[in-house]
Amino acid sequence: MGSRPCRELLVAGLEKLEYRGYDSAGVSVVADGHIDSVRAVGNLSNLRAAVEATSNGGAVAVAERTATTGVAHTRWATHGRVTEENAHPHNDCSDRIHIVLNGIVENHADLRRTLEAEGHHFSSETDAEIVAHLIERHYRGDLTEAVRASFSELRGHYAFVALHADQPDLLVGARKECPLIAGIGDGETFLASAIPAFLAQTRQVMQIENGEIVTIDADGIRITDAEGTVVRREVEKVTWDEDAAEKGGYPTFMMKEIHEQPDAVAETIADRLPTDDDVDLSDVDLDDEYLRDVGRIVIVACGTSYHAGLVGRYAIEEWARVPVEMDIASEYRYRRPVIGEGDLVVGITQSGETADTLAAMRLARENGAKVLAITNVMGSQATRDADAVLFTRAGLEIGVAATKTFVAQVAAMYLLGLRLAELRQTLSPERLSELVVDLKGIPSKIEETIESVDARVRAIARSHYDQRFFLYLGRHIGLPVCLEGALKLKEISYIPTDAYAAGEMKHGPIAMLDTSTPVVCVATDSPVLEKVLSNIEEVRARGADTIAIATAGSGRVAEVADQTIEVPRSDWILQPILAIVPLQLLAYYIARLNEFNVDQPRNLAKTVTVE
Ligand code: AGP
């Protein structure tokens, strides 16, 4: 909101947010008592072309061009297909209220039902459009109060900004978890998901905190809490350059994405755990009867996605007692596997474009199996090669070494395991509810883990970054964690690293140990912790330097390992989603100490589309 024509400013701001990933975009500006909105699927040049097309000549075009208040958005689809109708900004029935939203409205289905019963007509499949109609329901001439009333009815992770055709010099925003920040310019104010959007215009920023509502009008900026009490907030000066801004102030995209893991899990489980005692996978096109009767599950994937599948196998077999077969996709597709009707094949691929995983999924489908894709990218090939899709919601991942997409995939596997258990009644309602509540607590426990282990991991990295070989050991549900931890180290530090099922040690690999070998042991709580402790003693007896990942409060591990890094307590099956964090950080700091480019390691591509 300002005095300069804003549409070009807004589209230029979106261009600075392209690194966040998107599949469609839109801009709405208000002038002369009406709102002009343009949306387009694909990249911003499509939006620019659409804007161009609408503003050739005539009075309206002039008004649009001179409009000084507007909102703009790049969409990373989570609810609803990649279409122009689902692109933001979204409007209410009167087309006088427009909103842009980042995040997820968890209770969108309930609210939609109520609003439709009141006569509201929806024009998109999105959860976000709810907000425009809620504001419409509460609007009595004061947009801030209408937003406040709507805010109190919404549940989820989101930040949104609204404008009204009747109040052209006004913007009102609200924040719950998802980022929202104000840019204070000279006679103009920006609201954005991230600083790069307005960094070229101003370096004066004001943080909008969780649960706050921000009003921008001719008098300036006003922040109030959910009850309407005014909140004082300092203006800060941003010193970052554009590159640092894109990384959210972190030195690399990988570190930024490690810190985005709590949100990635929170958004992936968001509206799928509507209550504390059931799992809602209604956005996944697999009916309950089919899931209740499925005879076997086969998981195919590559790299990090394969490791997420391995965690999923333990959870599904433990909770739902369905037999799960795992295979590396590049092996599975040439194995002439015995597969057919009655089998559910789960293809896990964050990019949705990995050739071997796609081929394995197609092979399964050709043989009559049903295929479920677990992917992070709407519109990707995997969504077309599958009968059903369970989307993770980690947002675009730029760092080649997968981090936030891994924890989001593991969360998706937990959702699938719990839903199968619920439908097959293989868990008591109390046990199911216990696990649902525990899973809901994981995002904040990941946050706690990142904060609590960082300094310790940094110190361990400093004392080991020049090692020429690492061995990772894990057992039972700790095995996929050690495989993933080792892959991270290999990918970004290029140090030869082996990862092994701890029980296999004495059958060969133990020969490689000498007094300097660092051995990373995943020793979180599990039914085989005793065994893991004796494996740690086994390698220590050969003088190796043991670094153990343990569950907080289980002092036993610290008694046997040279160094122990603790992660917060949770049900043992959920421990992998926490235990991977210190291993991501260990690989990260070792690579940084060796001055390697962690975001773009040598010889590696983010998406492997070749056979
Ligand atoms: C992981 O850090 C690597 N980037 C790589 O192993 C990756 O997991 C693998 O290529 C699979 O990618 P996908 O999940 O996109 O299919």
Side-chain angles (χ1 to χ4, degrees), residues 1-2 6 9-10 13-14 16-17 20 69-74 88-89 97-105 128 131-132 134-135 142-164 167 169-185 188-199 201-240 245-246 248-250 256 259-260 262-263 266-267 395 443 447:
M1 201 289 285
C6 67
L9 272 175
L10 290 165
L14 290 184
K16 296 293 178 200
L17 295 181
R20 294 164 66 92
T69 299
V71 292
H73 185 272
T74 49
H88 299 215
I97 297 168
H98 279 224
I99 67 106
V100 288
L101 178 139
N102 172 28
I104 288 180
V105 176
V131 177
L134 267 184
I135 296 172
D142 181 333
L143 188 59
T144 301
E145 288 322 309
V147 164
R148 197 183 320 286
S150 307
F151 190 62
S152 66
E153 293 188 49
L154 294 167
R155 282 212 323 282
H157 268 71
Y158 50 78
F160 65 84
V161 176
L163 55 71
H164 197 296
Q167 300 175 280
D169 301 325
L170 175 67
L171 288 174
V172 180
R175 176 184 180 199
K176 182 147 182 306
E177 311 280 351
C178 281
L180 187 65
I181 189 154
I184 318 293
E188 60 187 22
T189 309
F190 297 83
L191 286 174
S193 308
I195 289 172
F198 55 69
L199 194 60
Q201 313 302 331
T202 177
R203 287 180 170 278
Q204 306 295 322
V205 304
M206 194 181 276
Q207 303 286 351
I208 314 298
E209 298 300 345
N210 218 8
E212 292 180 346
I213 301 206
V214 53
T215 302
I216 314 275
D217 59 20
D219 305 332
I221 181 166
R222 203 170 46 262
I223 299 178
T224 50
D225 64 15
E227 283 67 49
T229 314
V230 173
V231 178
R232 303 241 155 279
R233 181 78 28 81
E234 295 306 310
V235 174
E236 302 157 51
K237 184 155 192 316
V238 174
T239 55
W240 301 335
E246 276 190 8
Y250 293 101
K256 171 176 172 280
H259 281 80
E260 287 174 345
D263 278 351
E267 298 213 0
E447 196 145 7

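In this chain, numbering begins with 1 at the start of the sequence shown.
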Problem set entry | Spacing of CZ belonging to R148 relative to CG belonging to L143, to within rounding of 0.5 Å | 11.0 Å
For this session: Over all heavy atoms of both residues, which pair between I99 and A162 is shortest? Give the atoms and the distance, please.
Result: CG2-CB, 3.7 Å
For this session: Please determine which of L171, L170, V147 meets the side chain to side chain contact (heavy atoms under 4.5 Å, CB included) test together with T215.
Result: L170
Exercise. Would you say the side-chain atoms of R175 pair up with the backbone N or O of A159, donor to acceptor, closer than 3.5 Å?
Worked result: no
Seminar exercise, completed: Heavy-atom closest pair (A182 atom, L191 atom, distance to 0.1 Å) is CB-CD2, 3.8 Å
Problem set entry | Inter-residue atom distance M206.CE - E234.CD, 0.5 Å rounding | 7.5 Å
For this session: Indicate yes or no: at least one non-hydrogen side-chain atom of K16 is less than 4.5 angstrom from one of L199.
Result: no
Exercise. So, do L154 and F160 sit near enough that their side-chain heavy atoms are less than 4.5 Å apart?
Worked result: yes
Problem set entry | Beyond-backbone contact of V214 with I221, side-chain heavy atoms, under 4.5 angstrom | yes
Exercise. Could you state the interatomic distance from NZ (K237) to OG1 (T202), rounded to the nearest 0.5 Å?
Worked result: 8.5 Å
Problem set entry | Interatomic distance, E447 atom CD to D263 atom CG [nearest 0.5 angstrom] | 7.5 Å
For this session: Without swapping roles, check the side chain of E212 against the backbone of E209 for a donor-acceptor pair under 3.5 Å.
Result: yes
Problem set entry | Rounded distance (nearest 0.5 Å) linking atom CE of M1 with atom CD of E188 | 10.0 Å
Problem set entry | Smallest separation among heavy atoms of C178 and G103, with atom names | SG-CA, 3.7 Å
For this session: May I have the step-by-step check of side-chain hydrogen bond (donor to acceptor under 3.5 Å, both in side chains) for R222 and T144, ending in yes or no?
Result: CA-CA 10 Å; R222 203 170 46 262; T144 301; 4.8 Å; no
Exercise. Under 3.5 Å, side chain of K176 to main-chain N/O of G156, donor-acceptor pair present?
Worked result: yes
Exercise. Does H88 have any side chain to side chain donor-acceptor pair (under 3.5 Å) partners at least two apart in sequence or in another chain, and if so, which?
Worked result: H73
Exercise. Is a side-chain N or O of N210 found less than 3.5 angstrom from the main chain of E177, in a donor-acceptor match?
Worked result: yes
Exercise. Between D169 and D217, is any pair of side-chain heavy atoms under 4.5 Å apart?
Worked result: no
For this session: Could you tell me which residues satisfy side chain to side chain donor-acceptor pair (under 3.5 Å) with K256, sequence neighbours excluded, listed by chain and number?
Result: E260
Exercise. Can you tell if the side chain of P179 reaches within under 4.5 Å of the side chain of N102, non-hydrogen atoms only?
Worked result: yes
For this session: Any chance you could measure Q167, atom CD, to I97, atom CD1, to the nearest 0.5 Å?
Result: 9.5 Å
